Amino acid sequence: MGFNMKKVFITLTFILLSTLTFSQANINQQNDPNKFNRLERIYRNLEYNTIGFNDLKTKWVIIDPVLVRTIFNSFIVKNALRIEGKKPSLEYIKDKSLDVHRGEVFIDIRKRYYDNEIDFFRFYSEANLERGEETDMFFDPIEDFVQLRHIVGEKNYELLKAKMYAYNDLTKTYYDNKLAFKFDVLLNMFEPHVRFYNFTTNDKNKYLIGISGKWGYDNIALPGWYSPTFNLGTKVTYIDRILNNKPADVFEFEGGIGLPIQQTILDKDIYTGKRLHYTGASVYFNFTGNFLRYIGPEYGKYNLSLEGALALSTLGPTEINSVHTVTTIYSQRNLLSLTATRRDFLELSSFGHLGAILGVGIYDIGQYLTDDTQVTLTEVPQADGKLRYYVNAAMTIGKDDALFAYSLEPSFMYNIKESNAYFGFKASLLINNSFGFTFKFYSGIDLGSAGLPAYRSDSYIVFSPILRINY
Amino acid sequence: MKIKFLFFTLVSSLLLLNSSSAQNEGGATGNTELDRLKMIYESVEYNTIAFDDLKKKWLIDDPEFIREIFNRFVVRNSLRLNGRVVKIDVVKEKSKAIQDGTVTIEVRKRYYDDEIEYFAFIPDDEVGKENARVLFDPVTDGFLLKEILGEKVYDKIRERTYFQKDITKQQFTTKFGYAFDVKLNALESEVMFWNTTSDARNKYLLSLFSKWGNDRMFFPGWFANEMFIGGRMTYFKDLRNNPEDYTYRISAGLGVQSGRPYKVDTKRDQLWLSGSSFYGQIEAYPLGFIGSDFFDDIKATLEVKVTVGENKSADYGLYRTNQIFYSNRNFFNLTWKKSNLLQFEDLGNLEVSLTLSSSDIWKYELNPVAKTVTDLEKNNKPFFKKFNHILSVDVGIAKNSGLIQHNVAMVFGYGSDGYGFFGARGMAMLSGNFGFDVRVYVSAGLNEKKFPYRYDTYLVFSPILRINY
Amino acid sequence: MKLLFTAILALSYSVLFGQTIDHLYRQIELKLIEDRNYLDIYSIQFLPSQQEAADLGSFPLADGKGNFSFRSSENISYDIVFLKDNYEFDSLVVLFIRQVSQGGDDGPVLFQEAGASGIDSTIAVRFKDIQELYFHNREAYQKLYTIVDRVLRDSEPFSLVKLITDEDVQSQIGVSSPGNTDFINYNFVNNIHTYPKYTASTTPTTSSRRRGGTAQTSSMTDFKIDFSFSHLTFFHNMFDYDFGTISAEFNTNTPMLNILPWQASTFSGGIRALVNIDGLSDLTDAFLIDAKILGRFRLDMTSFNDQLPFLFGKKSLINVGNGFVFDLKTTGIYDIPFFELYFATGSEDLENPYYINNNIAYFSFTQWQALMSFYWNSSEKRTVRFKLSLGIGGHDIVEGDYSGAVIGRRHMKDVVQPVLEMSMNIVPNNVEFLGVTGKFFDSHLTAFLWIKLLEFSNDHSFRIELQYISSTFFREPELWEQPNGQSLVQLRYRYGF
Amino acid sequence: MRRMKTFTAFFSVLVLAILVTIPAKAQEVDDYLYKIDLKLRKDKKYLNLSYYDFFGTDKFLADLGSLPRTQDKPPLSFKNSDAVTYRVVFLKDGVGMDTLVLLYINEIVDQSVADEGIFGSGQAGVAEQMVMPFNDMYNLMVNHYGQYSRLYNYLDRLQKIDPEFKFGSLLGIVPDDDISTSLGITSRDNTDYVNFMSANYLHWYPKMRKAEKGRRGETTATTISYPYRLDAGLTSISFSHQFMDFSLGGASVELNLEEPVLNILPYSGGVLGFGFRTLISVTDDKKELNNSLMVDARVLGRVILNTKSVIDKLKFVLDGDSKLNLSTAVGLDIHTTRPFGLPFLNLYAMVGSPGYSDPFIRIQDTKSNRDYAYFSFKQAEASMSFYWNTSDKLTARFRLDVGVGYYDIYKAEYNRNAKTIIRGTNKLIVNLFSPVVTLYFNFAPDGSELFGGKFRIFDSQVKAEGWIKLVEFPGGHNIRAAAAIVSGPIARGKQEWESEGGAMFQVRYRYGF
């Protein structure tokens, strides 16, 4: 309190002093704060208001130290520096100009939205910004180009506008990642989709229909490239509500058929060993959604996913194109997996959200003899049966930003039956909702004594570019 | 209570008033007439306060010339102290200092023309201080000085034909530009070509980079046979003066075969590339959330190379005989670096970093007849045994701004394979454009038989060209 | 005591504001004069009658400039400039009065410009004058206020904002037009047959349902020709029926085989029809069918087709059979994507191959593809236009073995592969300039590029076209495929488009 | 209320304190009066003072009457004459000053008018004399405030009644002309690109000149146009006519003997190139050419032509014996300006059909009885360009290209004297991707280009080019001397087809650029 009073006293003292000093200049004028107020309000309201565009206006920072001095000096010469509307003392200016000499002062400039004039100008010192004091002004900003032009002079003003000096552009570019529903083409090797049709049955929902594909099963650490089956089918997405143009409560139903695909990464002349073969068509389905929402709204953030592939047919030995000799091969034919996902357990400031995935599942590995003389494929019985059980878990760190969306997913899968485990790492990024890259890596360790199973590689690496076009 | 308060405010305000007037001697003394005149005197000239530090400034060091000048001041009775004429005994006393030669004259020229705008007698030990104590009141007007000294001496001062020291500021801090940034260095290049701001003062930068070798596992440039090239993204939460202050930086790329710029030493083995490798690096300041200044500038760097696929025999080129060779397939480097630990004035800031580097070495045999190469250590060295873990410490001094920028560090490391390294990295740049980068590492306790791919000494260097706008 | 304090306060304020208010006046007046486009202020014209002028009387001007009074004259009118009521003002604020006098009249003008017959416009009453009235002579101010208020009741004021705020609305994001606009645009620029030109009409008429309907701009010419070294199409106005158009086509192309025109030694000819099923005049919403039926004939071109100066490639290794070509494009209904179908087939005939090597010849008799297409633009100005087609395509390959007495037939391969095609057209200011297309099918990449060269009198235009077919990616070339890439450079001439 | 007491008490103390601290410091005051007077008389350039000229006949001066002066000087009375002007000099915007401060009055006598002296009107000129120095003015303010304030108010009002009124200024320096920006700059629009291209490129670029500034400082881009443009040298010719300028840009044609990717000199390639070039701006707004996305595309073709045989007779080409054959080829050269905020992009690709028959340059293999020859069929280069200038005057302009270059080398064998290749002997021996860095420099004092240089490192070889302006005739004629140097391989061995380096010199004529 005492300190504040002091401030008031000092101010008043100065006022009094100035009164005494320059009383002769006080030409008998009837001034009052109201008058000042009204004039100021008029001044404020003259310009066509474009506050709504403030963030999109061209904005930049002059970093040329000599130019900053030139402009600062013209403010001094024109006696145009103000602090909270008042003229600062020479001592104060001298003090502040030391900051200029130290190179800590830059100029912030913003242009008007519809023409080329400058609508915001201020000196600022980086030190204040680093302390987080966004509003702390070095001196009062100038928000009128006419005034600015009178202070710095026509020539300097043109220079300021022409940007013929070193500066850093800080204009915000608008990046949008809102979902549009006309069509959505997402191309990557593992989970492409082409969504081309949509309709709405009430005023807030949306059905999206398209074609989708799926190559590889990440849950069992068998990513794209290494899988002989490509599931091609239809995907129906049901969006219950669209909030802020972002879908909430999304349900996806995907159904398709497993088709053979070439495993480009593997040597096509080596049939046996660490690879799987396509031995018949299968149906594929995947249901995803926050079904738990119906139990209670607090579970609405958990997404459940039930994914399955069930074998339909078995090819004859002659129909298996990938093998041309008599040998035993492995094939993965059935799969059922259930996972629960929540991606926003914790917020990590500029890094996005932290989430987790948990799942259980079952799949089978069949062993077959490819003897072209036989009509049907002979299954080789396995001592411990065909079925494998596993649990998997993953941590997700991801951000759904318009310009740069990414996700990192370290994962772990434990195969109960085989007592081995695979550590995985998935990373994907998408720039401006259009270009991206995805990468998956899995590396296995044997926890028992049997070693990794014969159909498995020690490690898997797959990657693919992403192209997305959404309108 | 009230009275106490009243008293307190009164006393403190009076004290404040006095102290302020004491500070600016001859300033706001309350003498309105004097005050006004002083103000007029200071205002008639075109003000160039903002350029004070860029004006030509020098010290007159010539003892005889100083006496000559001083004498003219005495003769013209132009010495003033706090605005008042100085008494003769004071002059006598102060002139002793001049006779002792412990007084210099600081002179400053005006910015837009050649006249002198500041002239003061300063004791030697006050030179360079921000509020230097002067012997007498400085003369802040060249024309007054001309009147006092006479035209001839005045011109002589301006011509600077005497013993003097130039103390004009040459280099001023400049800000990093974000339009483009081309850093060409054979060992690690970066071309920043795109930037955008998506919110407030943040910044995304995209660049292409190349990195030759891996210093952390002590296979610098030249010796590595592998260069990583790829793309890099740097994100700034809000723009800072220091371009190293990014929030995070992600690099991803591929390894490509590179040549060696010198004659190959046939006695030592080289590392071969045995597959396609992927390279990734993440750099960030993860401890920033603690909120202490100390943890703010601790940078963590995670650098990974993973090789996938195995080259076929034919991919190694044409060989007629069996070749036994070594190959590095994967590495993993984790570095924690603390910068700005100490400040050494103009020399820069001390920084220390600690690195754990794990890298594997595979021994292969290439048989031109066979389709694939064979892993010679398949049975006696499982995957994890192929790794060598090196723990290293860097102690260095870095300076990122000014006319000469540099980054020099001593490196010490010891590996689980039973040998150590010491060495130095040095990088210096002139005006942020041209520079040179040298790295020297020397092995200690190396069993050359056991590790035939290791060298006694590694020396790599490269010129640097950097254009930043 | 309180009095003393207020006195001190008032004294200090007067000093503080005395200067600042003058400063502020100056600032505002300069702003009013210099900022010409951006001020959100309005003006009304005031022509005082004798009576009104007399009623209004005279006002004192600030700083002792004397008095001002309205004059009633035929040559003099007054613009009263004011600020409309807004968030901070409940009522309008009169700012200044400009006196506009026709030449010859010399009024009480401060700075008379030497314009003998021109219109002189001077600020008769300044901002400060009026505000001083407001503060000290409210009655006079009220009179001015009333004038403005009265005029506003009958008419709209003239806005002094000179910004084109609406036209400049830019959506940063690209757009995909509803309806057929993008489809028609794309085909107008690229198709070898005539398409109606889409023209965005800037002034919406009451009759058209949406802004920018299409109009079938009838070209000046009676007929249209599109010619290049690999194709020719012809259209005459005679064949322009209400519901569509019919035109003729000849070409040497064999798409889907990843070989260049001419290389297949076939020649196709037939007709093409563009039909508007709905019969709507507004093509953007209509269901359009663009169908072609061509016959494909084998013709022995082996003697010259590797010598053609515009074709850079080896002799083909594939023989293509006689047959027909059916090519269909439809626009989407119910917002389903645009659909394209190509089907060419013929009877299998292994006799008489043109390309035969070591007694082995390869044939392809059937080629087909089915595509879905998506169109979008980089901005609503449609300068950069994109098209993405996704689908599936294929062809067959049959080997004929002529070493024996009987032709040995072996079915080598049935190619069924996804087709991915992406095009970009650059059409600044609705003038097409450049097009790039990349197509990936059966491990071959086909790049196609054209650039506009010249245009004469709007009817004749020339383009240079470049086509490149790469060798195979990710797999070894088959026996019937070229191990190297091949290219074609040619001119294309369009008349009447 | 209690607070009020505090204030009152404080102020009374304060006033006392002020009164106490006013000692009459006469000496100091005199010092200042002297200093100010000296400064006002002597310093001619640096004083930031304003003035207003009264004519001697001005009514106001008559009203003001005579002004008293100090030191027994007679009062200043204004002469009522047309020839006399009174210049009142005052301080307007002093830091810490709230009001105008009148400083002195000069009397300016125009002797050509007022001379009625005995010596006739021999000396026509202006005589200026300080009639009311600062001392007197100060005295006027202190002791005759009435007159001072009349003068003061008159001046003050001038600006009040007309906000656009400007006083004269005595400032002799022109700080605005000397605006120096210390750092080099890079333009974020196409200025640097257009400047560079119009100075160095073979084809014509519309030149944007800033027209004189309007009142609001708007600049308009005007293009100076000639009916046709021609750039002719011994290695390349380009031509364009006005009728080839269409609405979006322009077109031109060229002939050349160069291969830009390979490190060979013109004439050494054995090909004649021809090309068609279009320049368009892909923007909705045609006016802002400087911000538009410009695409400069060249469609190139070349045919083999035995220039190699000519080269020995050409005195201006010192070929270092390059042994490479090029082929008939087609290609594309595209330059774009900053698409999506990326740097300027350049793409060059030339694809030739493999043709081994009858090479111009054959090498005899001494061991076998065969000849062999080297061919390059494909060349390509993709790069990003960065432009910058050392100052805002754009005198020294730089450009740096960073990218990747590509070429292939085939080797083919022939029987001695046979024209056709021995079947199966053609093999690919080099398929090289290598980084390429090119630094360009232009020197353009006062905006007119004088010198240009280029320094390119690719595949361990250096290629340097330069030109200097020799003569410029009015009407758009321009003659330059140009030279090119290619080095042999540095830091690696020379391959057989490579030259040891060479140089060439030529003169270029440019019209209409």
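These numbers come from a predicted model, not from an experiment. The sequence lines fix the lettering, A, B, ..., with proteins before strands; numbering per chain opens at 1. All values below were derived from every heavy atom in this structure, side-chain atoms included, with hydrogens, water molecules and symmetry-related copies excluded.
The backbone N or O of B:Y178 lies less than 3.5 Å from a partner atom in the side chain of A:N168, making a donor-acceptor pair.
Proximity to chain B (any heavy atom under 4.5 Å) is shown, for A:L429, by neither the backbone nor the side chain. For A:F75, no part lies near chain B; criterion is any non-hydrogen pair under 4.5 Å. In this structure, chain A has a heavy atom under 4.5 Å from the side chain of B:Y204, while its backbone stays farther away.
Expressed to the nearest 0.5 Å, how far CG of B:N47 lies from OG of A:S74 amounts to 11.0 Å.
For B:K237, the NZ atom is loosely surrounded, since the number of other residues' heavy atoms within 6.0 Å does not exceed 12. No more than 12 heavy atoms of other residues, nucleotides or ligands sit less than 6.0 Å from atom NZ of B:K56.
Here the side chains of A:N73 and B:Y46 are in contact, with some heavy-atom distance below 4.5 Å.
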Worksheet item: side chain to side chain contact (heavy atoms under 4.5 Å, CB included) between B:I49 and A:F72: does it pass, once the steps are laid out?
Response: CA-CA 9 Å; B:I49 293 179; A:F72 189 68; 5.6 Å; no
Discussion item. Could you walk me through whether B:R201 and A:D108 satisfy the side chain to side chain contact (heavy atoms under 4.5 Å, CB included) test, starting with their C-alpha distance in whole Å, then the side-chain angles of each, then the deciding distance to 0.1 Å, before giving a yes or no?
Written reply: CA-CA 11 Å; B:R201 308 179 77 88; A:D108 234 1; 3.5 Å; yes
Worksheet item: Yes or no on side chain to side chain contact (heavy atoms under 4.5 Å, CB included) for B:I250 and A:F404, after CA distance, side-chain angles and deciding distance?
Response: CA-CA 12 Å; B:I250 302 170; A:F404 181 71; 4.2 Å; yes
Item to complete: With salt bridge (Lys or Arg N to Asp or Glu O under 4.0 Å) as the test, would you mind laying out the steps for A:K94 and B:D52 before giving the verdict?
Response: CA-CA 10 Å; A:K94 275 185 178 158; B:D52 271 358; over 6 Å; no
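When A:L403, A:D169, A:L170 are each tested for a side chain to side chain contact (heavy atoms under 4.5 Å, CB included) with B:T197, only one passes: A:L170.
Interface remark: of the candidates A:F351, A:F441, A:F437, A:F351 forms the most heavy-atom pairs closer than 4.5 Å to chain B.
Ion pairing between A:R69 and B:D53 holds under the 4.0 Å rule for side-chain N and carboxylate O.
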